[in-house]
Amino acid sequence: MSKVLMLGNEAIAWGAIAAGVNVVSAYPGTPSTEVFTTLAEHASEYGYYAEWCVNEKVALELAYGAAISGARSLVSMKQVGLNVAADPLLSGTYLGVKGGLVLVVADDPGPHSSQTEQDTRHFAAFAKVPVLDPSDPQEAMAMTMQAFDISEKYHLPVIIRPTTRVCHAGQDVDMPLVSPVSIQAHFEKDDWVIFPPVSYRKHGELLKTLDELGQCFCDSEFNYIVGENPDRDYNEGIICSGVSYQYVAEAIKRLDLDLPLMKIGTPYPFPDNIVLDFVKNKQHILVVEEQDAVVEDHLLRLLGINGLAVCVSGKLDHCVSGVGELNVNAVEEAICRWQGREPVTSVTASKPELPVRTPILSAGCPHRASFYAIRKAAGKKSDIVFTGDIGCYTLGMMPPLSAVDTCLCMGAAITQAQGIGRAEPGRKSIAVLGDSTFYHSGLPGVVNAVYNQYPLTLVVLDNSTTAMTGFQPHPGTGITAMGEAVEALNIESVLEGFGVRWYKTVDPGDLDLAVQTVREALAYDGVSVVIMKSPCVNLPSVNKERKPIRIIAEQCKECGLCVTEIGCPALVGEKGKLPLVMDTCVGCGLCKAVCPFDAIEGGNA
Amino acid sequence: MDIIMCGVGGQGTVLASRAIGDAAIRDGWQVRTSEIIGMAQREGSVVSQVRIHRQPVGPLIPDGSASVLLGFELAEAVRHIEKADPDASIIINTQTIVPPSVYLGVSQYNIETLRSYVQEYCRAPVFIDALEIARQAGSIKAVSAVMLGAFAAANQEIKTDLIMEELLNKLPVKLHDLNKQAFRLGKEYVEG
Ligand code: SF4
Ligand code: SF4
């Protein structure tokens with residue numbers, strides 16, 4: 001077998017291909033995206049079907065439909081995506097599956113790129129779905145392959161829950177044997193209708209199955225103990241789950257401790273017996289895990305049920321931090337705290353102040369022009385609320401644009417604005433969301449606004465892609481995940497069908513017209529929609545011929561407005577200095593439109 | 001050997017870490033990498049970690065353990081410098097990318113202070129004008145090739161040819177000559 005450097009997400013994808021997956025679906029979201037992009041890339045070659053769906057609920061229902069027809073199916077999403085897909089998951093677990101159904105749900109402790117640090121292991125236990133928690137890419141691949149077998153044997157969906165440092169960690173992984181498949185599924189009319197008496201019966205069966213599976217997990221290769229010398233008795237031991245295993249193993253080595261370490265790869269249903277065996281003759285156990293105290297909670301229950309007196313440290317006694325990611329240093333500190341030893345401190349001289357470098361909209365990003373137009377139309381002194389949404393354009397909250405006042409979850413820009421308007425009659429909102437988000441969960445909000453007569457202005461930033469996660473297609477793009485050209489939906493006809501009577505499309509590159517259009521929309525009494533249409537500058541298909549702008553030194557009054565009004569990273573300077581144009585300028589011309597003294601020339605427009 | 005690479009989203013740290021990782025595997029090492037992919041790539045602060053060992057290790061480098069720091073940008077190098085052993089090979093591109101927060105007045109970028117902090121922190125930092133060297137090689141886009149060349153000169157573990165080959169494997173053929181040249185110039189600069 002050859003070793004290949006693979007990200008955890010790629011390893012999961014290859015694990016699924018090796019398991020002979022037939023149907024895969026997803027909605028993009030960091031840190032899960034590359035699971036599906038890898039699968040989509042190889043779909044035709046290996047004979048399975050791959051689809052970017054409009055949202056996670058749709059994606060799971062599609063995969064579930066395929067699984068009850070007997071196909072092996074995989075659906076991938078980020079942790080908050082599972083909130084959207086919760087409904088089919090909970091019912092689907094009662095009804096069960098026929099072909100293996102694997103959900104890859106990526107968690108993001110930190111969080112690096114998410115709204116919450118929610119723990120999918122908790123979600124799995126709540127939904128009564130088995131969950132596997134990989135500690136590295138190689139194990140993530142093995143778990144994916146096995147998850148299909150578990151799912152088929154127990155007729156249950158199975159969740160794989162990698163975290164960011166598994167998804168985006170690379171490892172020299174053994175490339176598995178893969179061969180093409182053909183889909184040979186057949187839907188049999190059987191017990192597929194969820195209905196109260198059926199639910200009661202199925203719930204009982206489910207509980208029994210989970211008990212059995214907890215037993216079976218006691219023999220799983222994903223649960224093991226390292227560093228336990230059989231000739232010695234240990235007072236203390238550590239239990240960990242997922243990627244924390246890597247940090248703990250390294251910390252034990254660096255601290256030169258003789259401590260047994262138990263790794264749990266199957267946090268739900270919990271492998272009670274092997275854990276009991278591990279803890280029963282010990283007095284102190286430290287549980288190290290990221291996000292919630294899932295293993296710790298279960299261990300405490302287990303000790304109570306069995307009447308064992310063992311002291312458990314972890315998140316509940318604040319020995320291990322309850323927020324953010326772990327790493328080797330944090331684990332070393334936790335171990336020292338737990339053992340009552342002097343913490344290992346690294347000497348760090350006080351660092352000089354560093355520039356704040358948050359992500360920002362790219363140079364020439366059409367969203368910058370859109371936000372600028374929205375602010376200008378709203379007027380400097382207006383108290384209009386800008387309800388925002390999830391995507392690159394959440395970055396519109398940063399100064400100097402400061403054009404996003406709220407951001408909650410996918411699609412909420414439209415609906416939050418409605419609530420604000422009811423609570424404070426007369427307060428105007430402008431809801432802003434992107435094209436992919438519009439199709440993901442903006443549609444019901446629009447219908448609600450039209451029917452319930454809201455005076456709401458919505459701006460759809462249509463950049464023809466799902467940019468933030470790396471340019472995935474959506475229903476407005478006219479291309480599918482497998483590269484097939486199809487008829488694109490257009491936002492205007494969708495709005496027309498929904499009964500929106502005022503909508504206009506404008507290119508934000510034409511700043512005056514864009515401002516004028518938003519003003520008209522604001523004046524309309526009812527639901528008005530402005531579609532700001534201009535492709536993402538980072539889209540590979542966008543014309544890369546760039547004509548940067550030039551500052552005409554003789555004309556420039558060094559007022560600094562072109563810099564401070566729009567915050568384009570390609571234009572640097574301050575009041576009293578001639579602005580400097582960087583190599584990254586794409587010549588979008590926004591700064592030209594801002595300069596009051598006509599001191600900027602060139603550019604594409 | 002632990003290698004920390006830090007820079008600004010879009011500078012090519014991910015490309016460089018993959019090239020080193022792939023080269024190390026071909027050289028028979030166990031490799032672990034960790035990347036920041038997602039929102040931070042929009043001109044945010046990014047860091048790649050590459051760990052090359054004989055035994056399995058985790059994805060993140062403990063503080064003070066990196067024996068090489070490749071700073072693609074001055075302030076970003078300082079941001080993560082505590083990951084590096086003070087005796088490490090510290091190679092820093094003198095290019096500065098000033099974020100809008102500075103000219104909007106909410107933070108500052110003081111080149112002199114940052115440079116002297118680096119000099120205080122470690123024994124023998126190498127400052128390299130990778131942007132200028134890339135320009136000489138033919139394109140400012142070749143900064144990561146220059147930095148990889150500099151890395152090849154500073155490390156003993158992985159063969160230079162393999163690093164260059166793995167870099168080229170990830171690039172379209174039409175960019176090969178340019179990147180080879182950038183790699184060579186970066187290497188020569190460090191070798192002096
Ligand atoms: S034209 Fe102006 S606003 Fe547009 S990318 Fe160049 S500097 Fe930035
Ligand atoms: S807005 Fe115009 S006049 Fe003012 S600094 Fe910029 S280029 Fe010069």
Side-chain angles (χ1 to χ4, degrees), chain A residues 3-5 7 30-31 33-34 112-113 136 165-172 243 245-247 249-251 254 325 327-329 332 346 348-349 351-363 365 392 394-395 398-400 468-470 560 563-564 567-569 572-574 582-584, chain B residues 8-10 17-18 21-22 24-26 29-45 49-50 55-65 73 75-76 78-79 81-82 96-110 113-114 116-117 120-121 131 140:
Chain A
K3 294 268 189 195
V4 180
L5 183 61
L7 293 183
T30 313
T33 309
E34 302 77 18
H112 293 276
S113 208
D136 61 25
R165 301 297 182 177
V166 173
C167 295
H168 293 162
Q171 183 181 11
D172 46 323
V243 74
Y245 168 71
Q246 309 286 346
Y247 308 140
E250 198 166 337
R254 280 161 48 105
E325 271 189 310
N327 55 51
V328 180
N329 300 100
E332 283 176 356
S346 41
T348 37
K351 245 192 219 183
E353 190 193 323
L354 287 165
V356 176
R357 194 187 307 274
T358 46
I360 44 173
L361 297 172
S362 310
C365 169
C392 285
T394 314
L395 297 172
M398 306 279 180
M468 180 144 138
T469 45
V563 174
T564 53
C568 172
V572 193
E574 56 194 294
M582 304 278 113
D583 295 316
T584 45
Chain B
V8 176
S17 81
R18 279 229 151 183
D22 282 330
I25 291 178
R26 283 177 58 192
W29 295 87
Q30 293 199 13
V31 174
R32 277 309 173 83
T33 67
S34 190
E35 310 282 1
I36 293 295
I37 301 172
M39 198 156 192
Q41 284 174 304
R42 302 265 175 271
E43 315 228 6
S45 155
Q49 317 195 14
V50 184
Q55 305 289 325
V57 289
L60 298 180
I61 300 173
D63 289 350
S65 296
E73 200 272 351
E76 294 314 309
V78 175
R79 202 184 300 280
I81 204 162
E82 65 278 355
T96 54
I97 300 176
V98 179
S101 68
V102 172
Y103 46 80
L104 295 172
V106 293
S107 71
Q108 47 169 298
Y109 196 129
N110 190 324
T113 327
L114 296 181
S116 53
Y117 179 77
E120 225 173 277
Y121 183 90
L131 190 67
I140 53 161

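What you see is a predicted model, and the numbers here were worked out from it, not measured in a lab. Naming: A, B, ... by sequence-line order, numbering from 1 per chain.
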If we define contacts as heavy-atom pairs under 4.5 Å, which of [options] has the most with chain B?
options                                    : answer
Val356(A), Asp583(A), Val243(A), Val4(A)   : Val356(A)
Glu574(A), Arg165(A), Met582(A)            : Arg165(A)
Val166(A), Thr584(A), Val563(A), Asn327(A) : Val563(A)
Thr33(A), Asp172(A), Val572(A)             : Asp172(A)

Please flag which part of [X] lies under 4.5 Å from any non-hydrogen atom of chain B: side chain, backbone, both or neither.
X         : answer
Cys568(A) : backbone
Pro31(A)  : neither
Leu7(A)   : both
Glu332(A) : neither

Practice problem: Would you give the length of the straight line joining atom OG of Ser107(B) to atom CD of Glu353(A), rounded to the nearest 0.5 angstrom? | Solution: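 Reported to 0.5 Å precision, the distance equals 6.5 Å.
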
Self-check item: Distance (rounded to the nearest 0.5 Å) between Glu250(A) CD and Ser65(B) OG
Solution: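 So the CD of Glu250(A) and the OG of Ser65(B) are separated by 7.0 Å.
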
Going by heavy atoms in the side chains, are [X] and [Y] under 4.5 Å from each other?
X         : Y         : answer
Leu114(B) : Leu354(A) : yes
Tyr121(B) : Lys351(A) : no
Leu5(A)   : Arg26(B)  : no
Ile36(B)  : His168(A) : no
Asp136(A) : Arg32(B)  : yes
Asn110(B) : Pro352(A) : no

Quiz prompt | Top of Ser34(B), Pro100(B), Pro62(B), Pro59(B) for chain A proximity - count of heavy-atom pairs under 4.5 angstrom | solution =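 With the most close heavy-atom pairs to chain A, the winner is Pro62(B).
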
Quiz item: Out of Arg79(B), Gln30(B), Gln49(B), Glu35(B), which one racks up the most heavy-atom pairs below 4.5 Å with chain A?
Solution: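 When all of Arg79(B), Gln30(B), Gln49(B), Glu35(B) are compared, Arg79(B) has the most.
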
Quiz item: Can you tell me if Arg357(A) uses its side chain to pair, donor with acceptor, with the backbone of Glu76(B) under 3.5 Å?
Solution: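 Absent.
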
Quiz prompt | Donor-acceptor under 3.5 Å (Asn329(A) side chain, Asp63(B) main chain) | solution =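 Judged by distance alone, yes, a pair lies under 3.5 Å.
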
Quiz item: Non-hydrogen atoms of chain A under 4.5 Å away: do they reach the side chain of Val102(B), the backbone, both or neither?
Solution: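 The side chain, not the backbone.
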
Quiz item: With only heavy atoms counted, which part of Ile140(B) is less than 4.5 Å from chain A, the side chain, the backbone, both or neither?
Solution: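 Side chain of Ile140(B) only, per the 4.5 Å heavy-atom cut-off to chain A.
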
